[in-house]
Amino acid sequence: MSLFENTLAQIAKASALMGLNPGVRELISRHERILEVSVPVKMDDGTWRVFTGYRCQHNSIRGPYKGGIRFHPDVDLGEVKALSAWMTMKCAVVGIPLGGGKGGIIVDPKKLSARELETMTREYARAITPFIGPEMDIPAPDVYTTGQIMGWIADEYSKIQGRNVLGVVTGKLLAAGGSQGRDTATSQGGMHVLEEYLRESGKTAPGMTVAIQGFGNAGSFMAKFLFEKGFKVVAVSDSKSGLFCVEGLNVPVVMSGKAAKGSVADCLDAGNNCQVITNEQLLTLDVDILVLSALENQVHKDNAETVKAKVVLELANGPVTPEADDILARRGIPVIPDILANAGGVTVSYFELVQNQANYYWSAEEVQAKLKPIMVSAWQAISANAKQYNCTFREAAFISALRRIEDAYKARRSI
Ligand code: GLU
């Protein structure tokens, strides 16, 4: 099954439960536009390479396309199609007036020099320039793309337009028109949702244990917030390996160690008797909370039976496959789904866009004060749906999103 077929299966389940309008169902099964572009780069050794880039624009009935760009060797069209459709759902779940898009380049950015990376980014930006803009499609960071990379895209686009158009991308550095709180927004939003879930289910207890797969932007800040709130982070991992400490890791030590040495496995000084473990072992730890913040398809039909966590929080996009979803549901392990759990990122991206368009910037406190009620009310709607339809949180989140998408179609077209 391709990743996009997974997305269609999720849509099908929720549509059946809620009785989605068949016209809407048909319209959202297709992308409005799919771009494949060649990205030529003269490498430092004088040779030319042409990278393949994509931008998928899934649906814009609720507003301009919105979603990240990833630079990764495993990018493929099916993945970008799925990720863009999830963005449509994610924006609808939190009720921000945006649609869904996603882009990617098939490349291992760690193998490029700084100059090659900048050239490739600017060439990609040129290639998609006719199809992006603050009222059309607004990219953002995703796996292995950063605020600096977003700054290059804003700069290239602005040069082509002959004026400053900072709102063409979000997730920029503060000095280039970024928003306060955007870097921590995905994990901050995940914290709000997790806290609401724990409060509502009466499961809050001091020193709850957590394992976190993935130590990029979302995973590392999530680890930090959980640590600061008194959760016991017993394991973290990155793409190379994991680190486990039964007494709990000192997360700031892991963060600075990873920045200095390049991998979490090199941070054995972050706790007593730390052990190096594999990513696969991390998934099977007996913890209260398993946070998935790496890539898609991490929990699948062959390892879902071995998950021992009491709840799974998806900070990554698509880390649990549909087959694994069924297994976890049968085993009574709730999954707080990606399109809700990681929606804090795109929500603060929306705030960034609004600030860019108004050319008026908010304080960190204002950003936090606006983010929390959005995440909490999205959670409450999903929790209510889960009870009303007697379904999983994922199905409940899709129902929330699809209802808003259906309302937008009805309000704009005779469907
Ligand atoms: N890449 C992030 C996501 O998957 C953020 C997208 C955005 O801010 O537009 O939600």
Side-chain angles (χ1 to χ4, degrees), residues 33-57 60 63-72 75 80 84 87 98-99 101-107 109 111-180 182-183 217 345-346 348-362:
R33 184 186 281 130
I34 293 177
L35 303 170
E36 178 179 322
V37 295
S38 292
V39 186
V41 179
K42 187 170 186 180
M43 307 299 282
D44 290 347
D45 66 3
T47 60
W48 282 86
R49 279 184 67 187
V50 181
F51 297 92
T52 302
Y54 301 104
R55 184 75 189 167
C56 289
Q57 300 177 330
S60 60
Y65 308 105
K66 184 84 192 81
I69 294 169
R70 67 171 58 177
F71 291 173
H72 195 278
V75 162
V80 186
S84 61
M87 287 308 304
L98 295 165
K102 200 83 169 199
I105 301 183
I106 308 172
V107 62
K111 294 200 176 130
L112 300 183
S113 70
R115 189 203 62 83
E116 289 166 344
L117 182 66
E118 179 171 350
T119 306
M120 183 189 74
T121 303
R122 287 184 184 274
E123 287 297 325
Y124 174 73
R126 292 188 83 82
I128 63 169
T129 279
F131 304 98
I132 61 173
E135 291 171 345
M136 207 187 298
D137 183 0
I138 308 110
D142 196 76
V143 175
Y144 294 153
T145 49
T146 59
Q148 174 69 72
I149 290 173
M150 297 307 116
W152 292 332
I153 297 175
D155 188 64
E156 195 65 23
Y157 185 86
S158 295
K159 279 200 278 187
I160 295 167
Q161 304 299 326
R163 63 200 160 90
N164 261 314
V165 192
L166 295 179
V168 66
V169 280
T170 60
K172 301 175 294 290
L173 299 174
L174 287 179
S179 174
Q180 295 286 349
R182 177 62 188 85
D183 50 352
N217 173 278
V346 74
V348 178
S349 271
Y350 167 57
F351 297 164
E352 183 175 330
L353 173 68
V354 170
Q355 293 170 78
N356 291 152
Q357 296 301 81
N359 200 15
Y360 180 76
Y361 290 83
W362 309 347

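- A 4.5 Å side-chain heavy-atom check between E36 and I34 finds every atom pair outside the cut-off.
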Using distance only, find each side-chain donor-acceptor pair of residues 170-178 under 3.5 Å and give its atom names and separation, not counting sequence neighbours.
residue	atom	partner	partner atom	Å
T170	OG1	K66	NZ	2.8
T170	OG1	S349	OG	2.7
K172	NZ	L166	O	2.9
K172	NZ	V169	O	2.5
K172	NZ	E352	OE2	2.7
K172	NZ	N356	OD1	2.7

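- With sequence neighbours excluded, the residues that form a side-chain contact (heavy atoms from CB on, under 4.5 Å) with E118 are R122, W152.
- When all heavy atoms are compared, the tightest approach of I153 to I69 is CD1-CD1, 3.8 Å.
- Here the CG atom belonging to N217 is positioned 10.5 Å from the OG1 atom belonging to T146, to the nearest 0.5 angstrom.
- The shortest non-hydrogen separation linking P109 to Y144 is CG-CB, 3.8 Å.
- M120 has its side chain within reach of F71: a pair of non-hydrogen atoms, C-beta onward, lies under 4.5 Å apart.
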Problem - Audit row: V39, V107, side chain to side chain contact (heavy atoms under 4.5 Å, CB included) steps and yes/no - result: CA-CA 11 Å; V39 186; V107 62; over 6 Å; no
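- Remark: R33 CZ to S84 OG distance equals 13.0 Å, nearest 0.5 Å.
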Exercise for the section: Could you walk me through whether F351 and V348 pass side chain to side chain contact (heavy atoms under 4.5 Å, CB included), step by step? Expected result: CA-CA 5 Å; F351 297 164; V348 178; 4.0 Å; yes
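- Listed here is the closest heavy atom pair of C56 and V80: SG-CG1, 3.7 Å.
- T52 is not listed as a side-chain neighbour of V75, based on a closest heavy-atom distance of 4.5 Å or more.
- K42 NZ to T47 OG1: the interatomic distance, rounded to the nearest 0.5 Å, is 9.5 Å.
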Contacts table for residues 126-142: side-chain donor-acceptor under 3.5 angstrom, sequence neighbours left out:
residue	atom	partner	partner atom	Å
R126	NH1	E156	OE2	2.7
T129	OG1	A125	O	2.7
D137	OD1	R55	NH2	2.7
D137	OD2	R55	NE	2.8
D137	OD2	Q57	NE2	2.7
D142	OD1	K102	NZ	2.9
D142	OD2	R70	NE	2.7
D142	OD2	R70	NH2	3.0

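- Contact annotation: the side chain of Y350 never approaches that of V346 to less than 4.5 Å [non-hydrogen atoms, C-beta and beyond].
- Across all their heavy atoms, E116 and V41 have their closest contact at O-CG1, 4.1 Å.
- Residues W362 and Q355 share a closest heavy-atom pair of N-OE1, 2.9 Å.
- Closest non-hydrogen pair, Y124 versus G103, comes out as OH-CA, 3.6 Å.
- A donor-acceptor pair under 3.5 Å is formed between the side chain of S158 and the backbone N or O of A154.
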